[in-house]
Every structure is written in structure tokens, then in C-alpha cells.
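What follows is a single structure, written as C-alpha cells, with notes after it.
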Amino acid sequence: MPIRPILSTLHKHKLTATLLTLQVAFTCAIVCNVVFMVAQRVQRISVSTGIAESELSAIHSRGIEKGENPQARHTADLAALRAIPGVQSVAAVSYALPLDQSESSSGICPSKEALDRAMQRNSIDGSGCVQPAWYDGTPGLVATLGLHLVAGRDFLPEEYVSKGKPAVAIITRALAQKMYPGQAALGKDMYDGDNFIRVIGIVDTLLRPAPRQPGTADDSMIFPQLPDHASATYVLRSAPGDRQRVLKAAEAALLKASPNRIIDPKQMETYSQIRAEYFQRDTTMIGLLIASALGLLFVTALGIAGLANFWVQQRTRSIGIRRAIGATRSDILHYFQAENFLIVTAGVVLGVLLAIGLNLLLMTHYELPRLPLWYLPVGALALWVLGQLAVLSPALRASNVPPVVATRSV
């Protein structure tokens, strides 16, 4: 297919061709960055918490009876909940669960030297200390959450305390590698002020309740600390299909065990609901970004198809002349496809440069990561395919113009 006649034709319609080129360029730049932002959001909402999410449900209870012994209350409640048909295990926590945003944390140092440096700096930054999220709960918490111990053991009954700081802890693999790089963390002593805490177990993953800071999402530790107040969250493990039934039965069992409590229906949730609530803004943003990208692609496809239809109408006579002197339907079809390919290619080249510039702007003002370069050829290929599909119908219509009909208009 000779390119020179196509370029000559485009030069005669340079304003129209330029506008379509700019439309393709802006579409390429925006869509590449939108797809990258969607991928970032999808990666964020797909993060593993390390727990058996599909089997867990939680119900929060707040006691209002004065003078009640919280330990006795929790023990009785746990016994009542274990008796519910379908409940495999249950535990009580006083602080938080992954992604529920009720985070409690404190600085932990891997050695006394690191602790001294942190105290001198009045900050853990640069001292070798970290600030992990703290989890606590009653016996059976590790099994109830479905955590995977990769080293060490679970807590022993005599290690649980209701007052003061526990002497042992289970930490995540990520926290172990961060605090003791190149060393075995199991059996090491961590320091929290004047207290030391021995690492007796390591779990594969346990996400923080509020994993907002980059690089710290999996910095978590579990203590054998019994809830020592009237409020507690009971975590129940059951078959995925039984969770709603178990929650309703748990509410009835808790109220039967002690009516002097408050159970908020909004705090009776399956863990799937807890996760969905945490990532609600992200999922909404993904929907909006996808809708905007598809809308922009649709408008661009309409622009390409509309311009091709206009040019077919304007060139009916010239098409007929070419058919009369021997041009085949395939020649006419390929002509319009090649013409569209040149316009889209010019737009894609400009769009790639605009995509890089837009990404730099987003990096500066919104802390978006750098756009991987492989997004650019993928975006270009998508627009090339879109352009060929959009021009196909007008090009087929042009190729079907009979020579005799066209020449009668001369």
C-alpha cells in the first residue's frame, strides 16, 4: 500500500487529522495512567491478611453490669459460644483484628543498645527499633484466626496474663527479618522500655489493623494478654456458609448468658464484611477509574468511526474512479485501514510522551509510583486495535461502493 497518496490526502484535511491525532494522544496518556492506578488499587485490596478470612465472623460485646468480673464474664461467654452448633473455635480479643483500623502499637527494640539509641534520639527512627501493631487475646486465638506458624510454638496456658506486660510474644516473619536481619529471631529478646519480651513463635503473615505506611503492613505481634475490661470482641470460626447463622446464634447466646450488655448490630459482621468496609473507597475508586477509561475509549472509537464515515461520504466519487480503473474491494479497505493506522500511530507516539509526563505529575503531587514502561506498548497496541475495529465498518462500506454508481455522480 503506497503511503504517499495517503499522506497527501491527510495534508488536505490536516485540521481534522490533527484533532483526531490529539484525541488519540490524550486517550493514550490518560488510559495508560488510569490502568496503572487501577492495578495499584487492585494490588492493594488483594493483600493477604494471613488469617482464615472466609471462615471468620466477629461480634462485639460491651458489659454494663457494675462490679462484674471481666475474666469470669469472658470465660462464661466463650463457653456459651463454643456450644453453638457449627462453631469450630472461638477466642476473645480486646484490641483489634486485621483491617478493622482499631490499631494499638508501640516501639520495640531488638537489643538494649538499640533501645538506648532510641532513647537518646527520642525517636525510633534510625535506631534499629520498629513500631509494630499489637494483637492480644484468649487461648486459642492463633488457631481461631487460622494463622500459620512457620517456627516456634503457640502460647502455653501459664503464659497468659491479665495485668502487666507478657514476657513472650509471637511475631510475623516480616517483623522478624526486619528486627534480626540474617539471624534466627526465635528465642531472641525484644525490649520495650524496661521490659524484655521473648520471641517464642513466628507466623507467616498477620496484617496490621491499619496498614497505611509503606513497608510496615505486616509488622505485627501477638501477646498472651487476656482482655481485662468489660468490652471484648469474640471471633468465631465456622464453615463459610454458616457464618450468618452463627452470628445470630452468638447474639442470642451472649444475651442469654448475661442480658446486662450492649451488642451493636453494626459490630456483628463476617470478616468478609470487615474487609469490604476497609477497602470500600478503593473499590469505588476502581469502578470510577474503569468507567472513565472505558468512556474515553468509547468516545475515541466514535471519533475514529465518525471521521471515517465522513471521509467515505466525501470521497464517494474518488472511490468510484479507483474502482473503475481496477482497484479491488480489498484495496479500498486497506487504504482506509492504513490511513487510520497512520493517524493512530501519530497519536500514540505523542500519547506515550504525554503518559510519561502525566505520570511524573502524579508522582509529584499524589505520590503515585513510577509508571512501568511496559504499560506504554500495551496501551499503544490497545489503541491500534481499537482504531482498526472502529474504522472497519466505514471501510467495508467504502469497499462496497459499486464503480457504476460512483461514476454516475461525475
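Starting from 1, each residue takes its place in the sequence as its number.
Arg73 places no side-chain N or O within 3.5 Å of a backbone atom of Ser258 that could act as its donor or acceptor partner. A donor-acceptor pair is defined here as one N or O able to donate and one able to accept, closer than 3.5 Å; such a pair exists between the side chain of Gln388 and the backbone of Gln337. The backbone N or O of Leu371 lies less than 3.5 Å from a partner atom in the side chain of Asn359, making a donor-acceptor pair. Side-chain atoms of Glu251 never come within 3.5 Å of backbone atoms of Lys248 as a donor-acceptor pair (strictly under, hydrogens ignored). In this structure, Tyr135 contributes its side chain and Leu141 its backbone to no donor-acceptor pair below 3.5 Å. Between the Lys188 side chain and the Ile200 main chain, no donor and acceptor come within less than 3.5 Å of each other. Looking at Asn340, its side chain does come within 3.5 Å of a backbone N or O of Gly387 through a donor-acceptor pair. Between the side chain of Asp242 and the main chain of Ser238, no donor-acceptor pair closer than 3.5 Å is present. Asp282 places no side-chain N or O within donor-acceptor distance of the main-chain N or O of Arg44, the cut-off being under 3.5 Å. Side-chain atoms of Asp100 never come within 3.5 Å of backbone atoms of Arg275 as a donor-acceptor pair (strictly under, hydrogens ignored).
Pairing each heavy atom of Glu53 with each of Thr49, the nearest pair is OE2-OG1, 2.6 Å. Nearest heavy-atom pair across Phe36 and Pro369 is CE2-O, 3.2 Å. Scanning all heavy atoms of the two residues, the minimum distance from Leu56 to Ala52 falls at CG-O, 3.1 Å. Heavy atoms only, all atoms of each residue included: Leu247 and Ala58 are closest at CD2-O, 3.5 Å. The shortest non-hydrogen separation linking Ala250 to Leu236 is CB-CD2, 4.2 Å. Summarising the geometry of Leu383 relative to Val344, their closest heavy-atom pair is O-CG1, 3.8 Å, with the distance given to 0.1 Å.
How far CD of Gln23 is from CD1 of Ile304: 7.0 Å, rounded to the nearest 0.5 Å. Summarising the geometry, atom CD1 belonging to Ile170 is positioned 10.5 Å from atom CE belonging to Met221; distances are rounded to the nearest 0.5 Å. From Met268, atom CE reaches atom CD of Gln273 across 10.0 Å, with rounding to the nearest 0.5 Å. Considering OG of Ser61 and CG of Leu254, their distance stands at 5.5 Å, rounded to 0.5 Å. Interatomic distance, CG of Leu307 versus CG of Leu302, reported as 12.5 Å (0.5 Å rounding). Interatomic distance, Ile263 CD1 to His60 NE2, rounded to the nearest 0.5 Å: 10.0 Å.
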Practice task
Give the C-alpha distance, both sets of side-chain angles, the deciding distance and a yes or no for side chain to side chain donor-acceptor pair (under 3.5 Å) between Arg243 and Ser272.
Solution key: CA-CA 10 Å; Arg243 290 183 295 173; Ser272 301; 3.2 Å; yes

Practice task
Could you give me the CA-CA distance, side-chain angles and deciding distance for Arg208 and Asp218, then say whether salt bridge (Lys or Arg N to Asp or Glu O under 4.0 Å) is met?
Solution key: CA-CA 6 Å; Arg208 302 178 74 117; Asp218 203 20; over 6 Å; no

Exercise for the section: Determine, stepwise, if the pair Leu81 / Val87 fulfils side chain to side chain contact (heavy atoms under 4.5 Å, CB included). Expected result: CA-CA 8 Å; Leu81 294 173; Val87 173; 5.6 Å; no

Problem - From CA spacing to verdict: side chain to side chain donor-acceptor pair (under 3.5 Å), Ser89, Arg237 - result: CA-CA 5 Å; Ser89 60; Arg237 187 171 183 179; 5.3 Å; no

Practice task
Evaluate salt bridge (Lys or Arg N to Asp or Glu O under 4.0 Å) for Arg153 paired with Glu159, printing each intermediate quantity in order.
Solution key: CA-CA 12 Å; Arg153 59 172 175 82; Glu159 291 173 332; 2.7 Å; yes

Practice task
Test Ile59 against Gln267 for side chain to side chain contact (heavy atoms under 4.5 Å, CB included), laying out the working first.
Solution key: CA-CA 6 Å; Ile59 180 169; Gln267 293 181 302; over 6 Å; no

Exercise for the section: Report the C-alpha distance between Ser94 and His229 in whole Å, list the side-chain angles of each, state the deciding distance to 0.1 Å, and finish with yes or no for side chain to side chain contact (heavy atoms under 4.5 Å, CB included). Expected result: CA-CA 8 Å; Ser94 60; His229 38 77; 3.6 Å; yes

Exercise for the section: In sequence, state the C-alpha distance, the side-chain angles, and the governing distance for Leu354 and Leu358, and then conclude on side chain to side chain contact (heavy atoms under 4.5 Å, CB included). Expected result: CA-CA 6 Å; Leu354 290 176; Leu358 179 58; over 6 Å; no

Exercise for the section: Check the pair Asp77 / Tyr234 against side chain to side chain donor-acceptor pair (under 3.5 Å), numbers first and verdict last. Expected result: CA-CA 9 Å; Asp77 288 346; Tyr234 297 104; 2.6 Å; yes

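At a cut-off of 3.5 Å, with distance as the only test, no side-chain donor of Gln225 or Asp136 sits close to an acceptor on the other residue. Thr300 and Thr27 form a side-chain donor-acceptor contact under 3.5 Å, judged by distance and modelled atom types alone. Checking Ser220 against Trp134 by side-chain atom types alone, no donor-acceptor pair falls below 3.5 Å.
At least one side-chain heavy atom of Leu175 sits under 4.5 Å from a side-chain heavy atom of Val130. Side-chain contact between Asp192 and Lys165 is present, with at least one heavy-atom pair separated by less than 4.5 Å. With a 4.5 Å cut-off on side-chain heavy atoms, Leu296 and Val31 count as touching. The side-chain heavy atoms of Gln40 and Gln43, taken from C-beta on, include a pair separated by under 4.5 Å. Taking the side chain as every heavy atom from C-beta outward, Leu226 and His74 never approach each other to under 4.5 Å. Side-chain contact between Thr345 and Val24 is absent, with no heavy atoms from C-beta onward closer than 4.5 Å. Side-chain contact between Ile51 and Leu147 is present, with at least one heavy-atom pair separated by less than 4.5 Å. No side-chain heavy atom of Thr75 sits under 4.5 Å from any side-chain heavy atom of Thr138.
Within a 6.0 Å radius of CD in Gln280, other residues, nucleotides and ligands contribute 12 heavy atoms or fewer. Shown here is Arg281, whose CZ atom has no more than 12 heavy atoms of other residues, nucleotides or ligands within 6.0 Å. Annotation: Met119, atom CE; neighbour count of heavy atoms from other residues, nucleotides and ligands within 6.0 Å does not exceed 12.
Ring orientation note: the planes of Phe196 and Tyr191 are tilted relative to one another, at an angle of 30° to 60°.
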